[in-house]
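What follows is one structure encoded as structure tokens, with my remarks underneath.
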2 protein chains.
Amino acid sequence: MNTTISDLARITGLAKSTISGVLNNKSGFSEKTRRKVLKAAEEHGYVPNEIARGLSSRSTGSIGLIIKDITNPFYNHITKGVQEIAREHGYTVFLCSSGEEHDTEIEHIEAMVRKRVDGLIIAPLLEDVAFEHIFALQRQQMPFVLLGKIPGLACDTFEFDDYDGGRQVTEHILANGHTRIGFVCGLKTSRASKLRYDAFVDVMNKRGLPIDERHVFREANGLADGQQIGRLLVDAEERPTALICFDDVIAIGVIRAFMDAGLSVPDDLSIVGFDDIDLTTFPLTSVSIPTYEAGKALGWTLFDRIFQRRLTDYQHIMFDQKLVVRSSVKNINP
Amino acid sequence: MNTTISDLARITGLAKSTISGVLNNKSGFSEKTRRKVLKAAEEHGYVPNEIARGLSSRSTGSIGLIIKDITNPFYNHITKGVQEIAREHGYTVFLCSSGEEHDTEIEHIEAMVRKRVDGLIIAPLLEDVAFEHIFALQRQQMPFVLLGKIPGLACDTFEFDDYDGGRQVTEHILANGHTRIGFVCGLKTSRASKLRYDAFVDVMNKRGLPIDERHVFREANGLADGQQIGRLLVDAEERPTALICFDDVIAIGVIRAFMDAGLSVPDDLSIVGFDDIDLTTFPLTSVSIPTYEAGKALGWTLFDRIFQRRLTDYQHIMFDQKLVVRSSVKNINP
DNA sequence: TTGTACGCGTTATCAT
DNA sequence: ATGATAACGCGTACAA
């Protein structure tokens, strides 16, 4: 059905190795045979079988990218960056989404190993989970790069400075005169959420300001959770004056709940988010994160490892986060 | 480095075929050897090599998904649906984005064929381009499913009823008293854009209403283009009272330009979009499209073909589009 | 310059 | 119940 180099050998009367050599642009073949091979390949619609090639050359020309959520713009931009670099290297990428579930993450990684990808880029769950599957990768000598850092694991890591991001938003809100501040945490498996919250707590403590536990929400994920929390706040007897949301998606959910209830952001509640996603019209003050650049950096570093271009120590890159002030925080200073 | 079944054979003193048989749960092995094999595999961290398996079994356990834009929620939801179905089948998916470029689409498809994916789901450019690469797939007997229909190509196709969507929005806008209506077309390679515009023209003609060419924009793609067109309209001496945008992303761009200029939607311009993307707070009247469901249907159908579960004729599914009225269209009836 | 032979890790088909 | 052997399609020494 599919013509192989053996077929071409039979057809041209040449040897398999000759066909292979010509097709791979090796030197040392007469122009005549070269032409003959190329012509036969063309005529019979020869398509190299990369599976066979991979088996023999021990390289599949594909990498795996494990993200948490396909529908979150945050990961879209990381994916885009990775894809671009992969393409530049003639590579193809398996995209896997863990859906924020640890078991799924493990399953995907194991599948990638079975598929013998040349390398892996992983955005793993980082809190409250075991890392055995990642350590296993190391033992198997699989090249990989992490979005996040795992204690005791020596590998290339990329991080966003979530603690500093959390600090920036908290100080921004305080600077605008707020003291009753709520916080919507993400999933407990999210280190980003933990760090942002830690920073919030630290800054509040430093100013001697109390944190009202009734205004701290946990385990929020996605638009629907944001909306539900928003509805809770709409009905709350004592609302905070400002709310820090783990990410923009949640923030948008909260805002929608407020708009639906006929309330105003920021008049009835000031809100900030993280990620600075662009597909929105609301002037949401948010923390910008260089996801696209990080995606490219992840890609470059992985290929450095795969091709052993960089034999130095592992890299640990920390990307800055930058507060983007718009108008979702009301200045209530006297 | 990686232990193989040959290694296990040597270790256990059994034959390769026995190892393979046990590992694949074939019947006809004594409980004793079964145990022995499993134990050895466990101890030596055996991981099956799916590349080798694929070479021998002529199936790679992976499919390719070719979309146009990773960062557009429209394709995110299709991707999500496809991924879910693939996962249910124990399959893995290569995600490729053409970035709306024909050459890139061709490149990706050729790469997928070389990688010998078991099947392909493609959202191809549909207008103003050649389809030779798709017909080639057919000749190569590669199972594939299309989002869109190609003249003269017999295969499974899924479509969204863009013409009807265009009709619905146009009639909705007319019903709200508008007559000076602008239209932002998408890329000329987009059939969806063409059909939506055709419907617009047809409805306008039927009502005897003129279309002002100054208010028809073409080749718009993405947020930035939307913003630029928005700025143009802000400064225009004679604005339309309503604007139909090819998709929500463009619509959001236009809205942003208006908000930046201190103008109001819908007071200064009524706007509708397509896709009904959810990550936004603006009450944009839009046309909802069942992308997630379509993604699942695409997946199911592809696997039907791959496993030859359905030997009947090709399917041609048309998904309805549904207008979702919010408040971005102002009623200016007297 | 071209051809032969073997390896890559599996599965499948025979025998035994 | 188990083992030997041949594919699968390609790359690559090594030989001619």
Side-chain angles (χ1 to χ4, degrees), chain A residues 1-38 40-41 44-62 90 111 113-118 140-142, chain B residues 1-38 40-41 44-62 90 111 113-118 140-142:
Chain A
M1 186 190 309
N2 263 317
T3 71
T4 71
I5 56 170
S6 300
D7 295 334
L8 294 182
R10 205 177 313 116
I11 290 162
T12 58
L14 297 166
K16 283 202 308 188
S17 56
T18 309
I19 311 289
S20 173
V22 170
L23 257 25
N24 289 307
N25 279 322
K26 306 260 173 187
S27 61
F29 295 98
S30 72
E31 198 51 36
K32 200 164 67 179
T33 52
R34 197 168 215 97
R35 257 185 243 278
K36 187 149 77 168
V37 171
L38 262 19
H44 293 77
Y46 169 75
V47 178
N49 183 331
E50 297 216 348
I51 296 301
R53 196 203 293 263
L55 184 58
S56 135
S57 68
R58 319 183 130 281
S59 150
T60 52
S62 43
V113 174
R114 286 195 303 268
K115 295 247 155 118
R116 295 296 192 271
V117 291
D118 292 352
Q140 297 165 49
Q141 319 238 38
M142 166 71 75
Chain B
M1 186 190 310
N2 264 317
T3 73
T4 72
I5 56 169
S6 300
D7 296 334
L8 294 182
R10 204 176 316 117
I11 290 162
T12 59
L14 296 166
K16 284 202 307 188
S17 50
T18 307
I19 311 288
S20 173
V22 170
L23 258 23
N24 289 305
N25 278 322
K26 307 257 175 186
S27 60
F29 295 97
S30 73
E31 198 51 36
K32 198 165 67 177
T33 53
R34 197 169 215 96
R35 257 184 245 278
K36 187 151 76 169
V37 171
L38 262 19
H44 293 77
Y46 168 75
V47 178
N49 184 330
E50 296 216 349
I51 296 300
R53 197 202 292 265
L55 183 58
S56 165
S57 68
R58 320 184 128 283
S59 149
T60 53
S62 44
V113 173
R114 287 195 303 269
K115 295 247 156 120
R116 295 296 193 274
V117 292
D118 291 354
Q140 297 168 52
Q141 319 239 39
M142 166 71 75

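All chains are named by letter (A, B, ...) in the order of the sequence lines, taking the proteins before the strands, and each is independently numbered beginning at 1.
- Along DNA chain C, read 5' to 3', the first and last nucleotides having any atom under 4.0 Å from a heavy atom of chain B are C/dG9 to C/dA12.
- For the atom pair CG of B/Leu14 and OG of B/Ser20, the computed distance is 12.5 Å after rounding to the nearest 0.5 Å.
- Two residues are said to be in side-chain contact when any heavy atoms from C-beta on lie closer than 4.5 Å; A/Arg116 and A/Leu55 fail this criterion.
- Contact annotation: the side chain of B/Thr4 never approaches that of B/Asn49 to less than 4.5 Å [non-hydrogen atoms, C-beta and beyond].
- Side-chain atoms of A/Ser57 come within 3.5 Å of backbone atoms of A/Arg53 as a donor-acceptor pair (strictly under, hydrogens ignored).
- Of the residues in residues 28-36 of chain B, those with a non-hydrogen atom less than 4.0 angstrom from any atom of DNA chain D are B/Gly28, B/Phe29, B/Ser30, B/Thr33.
- Counting heavy atoms from C-beta outward, B/Arg34 and B/Asn25 have side chains that approach closer than 4.5 Å.
- Taking both residues in full, the closest heavy atoms of B/Asp118 and B/Gly61 are given as OD2-N, 3.1 Å, listed atom of the first, atom of the second, then distance.
- Contact of the A/Thr60 side chain with the A/Lys115 side chain is not registered, since no non-hydrogen atoms from C-beta on lie closer than 4.5 Å.
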| said: Using a 4.0 Å heavy-atom cut-off to protein, can you give one letter per nucleotide of nucleotides 8-16 of chain D, 5' to 3': B if the base is in contact, S if only the sugar-phosphate is, - if neither? | reply: BBBSBB---
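- Rounded to whole Å, atom P of D/dA4 lies 14 Å from atom CZ of B/Arg10.
- Contact of the A/Gln140 side chain with the A/Val113 side chain is registered, since non-hydrogen atoms from C-beta on lie closer than 4.5 Å.
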| task | Could you go through the side-chain hydrogen bond (donor to acceptor under 3.5 Å, both in side chains) check for B/Arg58 and A/Asn2 one step at a time? | result | CA-CA 11 Å; B/Arg58 320 184 128 283; A/Asn2 263 317; over 6 Å; no
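- When each of B/Thr12, B/Thr33, B/Asn24 is tested with B/Ile19 by the rule side chain to side chain contact (heavy atoms under 4.5 Å, CB included), just one qualifies, namely B/Thr12.
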